[in-house]
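Inspection log for the structure reproduced underneath, given as structure tokens.
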Amino acid sequence: MLPVAPEKPSSSTRLTLSCLRRHALSALACGTTNLLALLLQDWLEPANAVMLFLLTVVVIAAKLGRGPAVMASFLSVGLFDFFHVPPRFSFAVSDIQYVLTFAVMLTVALTIGHLANGMRQRADEAQRAARRAQALHALAHQLAGALTPVQVLQHLRAFMRDQLGADVHLWQPGQAHDLVLLQDESGHEDAAVSSPAPPPQPSPSLTLLARSMAQHGTHPRAHHVEGDPDLRDGTPTHHMLLPLTGSTRNRGVLMVSLSASAAAHPQGAQANLRHHTSMLDAVSALTATALERLHFVDVAHQTELAVRTERLRNTILSALSHDIRTPLTALVGMAETLSLLHPPLSPQAQDMAEALRGQALRLHEMVSQLLDMARLQAGTQGPGSHPPLRLAWQPIEEVIGASIQLLGAALARHRVVVDLPTDLPLVRLDAVLMERVFGNLLDNAAKYAPPETEVRITLAAVGDHLQVRVHNDGSGFPADRLQDVFALFARGTTESHVPGMGLGLAICKAIVEAHSGRIEAHNPAGGGAEVCMHLPLGTPPTIEPEQP
Amino acid sequence: MSQAPTILLVEDDPLIRRFVRAALEGDGCRVAEAGTVQQGLIDAGTRKPDLIMLDLGLPDADGLRFVRDLRTWSSMPVLVLSARTAEEDKIDALDAGADDYLTKPFSVGELLARVRAMLRRSRQGSGIESPDLRFGRVHVDFVRRQVQRDDTPVHLTPIEYRLLCVLLAHAGKVMTHRQLLKEVWGPAYADSAHYLRIYVGHLRHKLEDDPAQPRHFITEVGVGYRFISGA
């Protein structure tokens, strides 16, 4: 960090001497010059004595300023006339030519004094500008290294206190499109940026003004608020609110407050702040850049975290899936091998081997459902985000046919009827997931209906949706819990004899909603239970007609 | 059967190896086992098995690499074992040249049925040799390019007929979308799976009893299609 040379606000070293002393010094210098000229008068022409006086005026103008220089000019002319021009020790002039000398000497002294003083002022100004630039440079350096918005605020406070003796407040955009005042809680403990007690809270009207500035987005101009009394001692305070315009959006509002008592500028706080507009603009640009950088660092960090969490979850899920399936495959296979042994097992042992296999398959089904649900919920943390789908245009009858095929024996005791219009358009689906939906629905329909009854799937295009209804002739859903059947671990009848975990319908709902569809359960008037899905119909790709 | 067929089982789980071996030996096969891709490739070269059963999740390398490696020098049938959720792995393995797949957990009966069908196919060689073929109520006459259902002629468009022939030629074997599209429509259509789905639908409507519950043109969801001549 570069050391910051504190600059005295709009004052210079020569002004620190009181006016009277500067004039006294000026007179003393003139007297000394005169004495020197008197001592050397035997060797010195009067013209050269003039030169000595002029030199003195130049030095006084450069060192002591305009007033003493003007005084020295007149004093020099007077002293020259009195001591060096014959008749000496009298203001009378014998040779009229000396009047011209006086006139020229006075003019030259005044002009030189004026020029030297201007030069001095410009040098001072340049030095101040250099110091300010250095301080800005140091601030930029500090802001570039800041790790949090609070550190940005601390650096700003230190800078403004040193440069202008002003207070700083900073508002940042909050979570819900509002502005949040940044609080510096750690100010005292941070040794790097020693700060006194933080400035008081800004008044509500200032907060409102800052909010409206941030809302009107890219409004690039600063606002001045004059004469707001300071809450600490009541002195009128001038505030300057600067919008922090980032490259993509507004990054907040910076407020610089200067009380009249602290203002160094003779014309008060407002003039003081206006005088430094370009510096304040630079500071606000630096702050906006620093806050924007911190924002993007934060965004990048969050994204990376989300990606890593997602990757970890997928790794765990697939490892889990593999590690659970392998022993289950062995269990199912070995139980089946038992029943195929030669010579065959006793009927009792045969039954047990069958039961072993059945239970292992059931366990596999439950584990699969749990893993499916975990996978479906992965990547759906934010609102509106869905698990990744592999969408493709397909005839829905194909998906239904495949799930009937997959269920096989589970549907053997029921008649499955698919009521399908011939002109149904293609639907954009993830076939693997949708097969699971139909599998779960048909499995449920068969589980909760008496054997030899009908399970019916009815499809129809209704408006811009495909309506799919799966109906059975069972006892229906519990009438008071129609809304809850899609909840996780919800079951029609608690701890009933029917196997299952209550995940099936929850998985259906998750998949259908991932397809931007909806699913609901009801008990139709004609009896039984029905699950109704609506899937959006898009515009299917055109199929080129076959060339004859 | 002149000689007991040899089956190479590439699987890392000893318990699965044990029951698969028991089932295959009970069915009259000789079984060789390998636990890694590397060992499996060596055994495939030295033992010249009639069929390879390959687990896709092996410890040392991807099962896909095994299939690609094997297919550079051999056309012996490969049956892939994989989990239900890994459709893409299955498709990749099938596209790379595997012949069929079984989803874990599988039943012994299904395993043996697949193995028998694959061995029969590999002995017969691919292609249709007889001039006609019957399945269900359908009769296909390859010589006259005619299809009849219950002795009533069925009109198929050229693409439908070509698709039917490709499926019949690989009867029992799962064909990925990509493979079917390439054979019937040509390589330019490799990503237009909806064409395939529509034409399979046409075939079902013309040749199946219940197009929504097909018995011959079976959908392997997310993977492709399989033709089964059926009982």
Side-chain angles (χ1 to χ4, degrees), chain A residues 317-318 321-322 325-342 357 360-361 364 368 371-372 375 390 392-406 416-420 422 426 428 430-436 457 459 540-541 543-544 546-548, chain B residues 11-23 26-27 55-57 81-88 102-112 157-160 177 191-201 204-205 208 210-215 217-223 225:
Chain A
L317 276 180
S318 49
S321 150
H322 177 262
R325 274 198 179 92
T326 302
L328 276 172
T329 305
L331 199 57
V332 171
M334 286 189 292
E336 204 178 346
T337 312
L338 269 184
S339 54
L340 295 174
L341 279 183
H342 294 286
R357 176 170 174 269
L361 282 176
H364 173 258
S368 298
L371 290 174
D372 280 351
R375 214 179 286 270
R390 294 197 299 153
W393 291 99
Q394 39 213 330
I396 194 151
E397 58 173 286
E398 185 172 299
V399 185
I400 296 175
S403 36
I404 294 174
Q405 179 100 23
L406 191 76
V416 181
V417 180
V418 183
D419 192 350
L420 190 74
T422 47
L426 297 186
R428 197 149 178 263
D430 184 318
V432 176
L433 291 180
M434 216 26 109
E435 182 200 43
R436 233 156 281 177
I457 304 179
L459 295 117
I543 299 284
E544 290 169 34
E546 201 174 327
Q547 272 145 29
Chain B
E11 159 71 64
D12 60 324
D13 187 74
L15 289 174
I16 294 181
R17 285 213 300 262
R18 185 198 285 185
F19 88 79
V20 171
R21 170 190 274 273
D27 209 41
D55 179 24
L56 279 186
L81 307 176
S82 101
R84 181 176 69 152
T85 44
E87 268 77 19
E88 306 214 20
L102 264 181
T103 300
K104 285 181 181 181
F106 45 84
S107 84
V108 172
E110 204 182 342
L111 170 81
L112 293 177
T157 66
I159 288 185
E160 285 165 8
H177 295 132
D191 291 318
S192 317
H194 54 279
Y195 274 80
L196 178 60
R197 293 196 176 96
I198 289 205
Y199 278 92
V200 171
R204 282 179 179 146
H205 278 274
E208 291 273 6
D210 182 354
Q213 299 182 52
R215 286 170 51 228
F217 301 96
I218 305 297
T219 310
E220 299 282 339
V221 171
V223 178
Y225 295 96

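In what follows, chains are A, B, ... by sequence order, proteins preceding strands, each numbered from 1. Here the structure is a predicted model, which means the values were calculated and not measured.
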Given a strict heavy-atom distance threshold of 4.5 Å, which part of A:V416 is in contact with chain B: side chain, backbone, both, or neither?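 Both backbone and side chain of A:V416 come within 4.5 Å of chain B.
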Where on A:L361 is there a heavy atom nearer than 4.5 Å to chain B: the side chain, the backbone, both, or neither?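 For A:L361, the side chain is the part near chain B, not the backbone.
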Approximate separation, where rounding is to 0.5 Å, of [X] [atom1] and [Y] [atom2]:
X: B:F19; Y: A:L331; atom1: CZ; atom2: CG; value: 10.0 Å
X: A:E435; Y: B:E220; atom1: CD; atom2: CD; value: 9.5 Å
X: B:D55; Y: A:T326; atom1: CG; atom2: OG1; value: 7.0 Å
X: A:E397; Y: B:R204; atom1: CD; atom2: CZ; value: 7.0 Å

[X] portion near chain A, given a 4.5 angstrom heavy-atom threshold:
X: B:P211; answer: both
X: B:L196; answer: neither
X: B:A193; answer: neither
X: B:F106; answer: both

For B:T219, run the side chain to side chain contact (heavy atoms under 4.5 Å, CB included) check against A:Q394, A:Q405, A:E398 and tell me which one passes.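 The passing option is A:E398.
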Do you know which of A:I400, A:L426, A:L328 has the most heavy-atom pairs under 4.5 Å to chain B?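 Sorted descending by pairs with chain B, the first entry is A:L426.
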Among the listed options A:P541, A:G333, A:P540, the residue most often paired with chain B at heavy-atom distances under 4.5 Å: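 Of A:P541, A:G333, A:P540, A:G333 has the most heavy-atom pairs under 4.5 Å with chain B.
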Taking all non-hydrogen atoms of both residues into account, name the closest pair between [X] and [Y] and its distance.
X: A:E336; Y: B:S107; value: OE1-CA, 3.1 Å
X: B:G222; Y: A:V432; value: CA-CG2, 3.8 Å
X: A:H364; Y: B:K104; value: NE2-O, 4.0 Å
X: B:P214; Y: A:G401; value: CD-CA, 4.3 Å

Among B:D12, B:L111, B:I198, single out the residue with the greatest number of heavy-atom pairs under 4.5 Å to chain A.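 Of B:D12, B:L111, B:I198, B:I198 has the most heavy-atom pairs under 4.5 Å with chain A.
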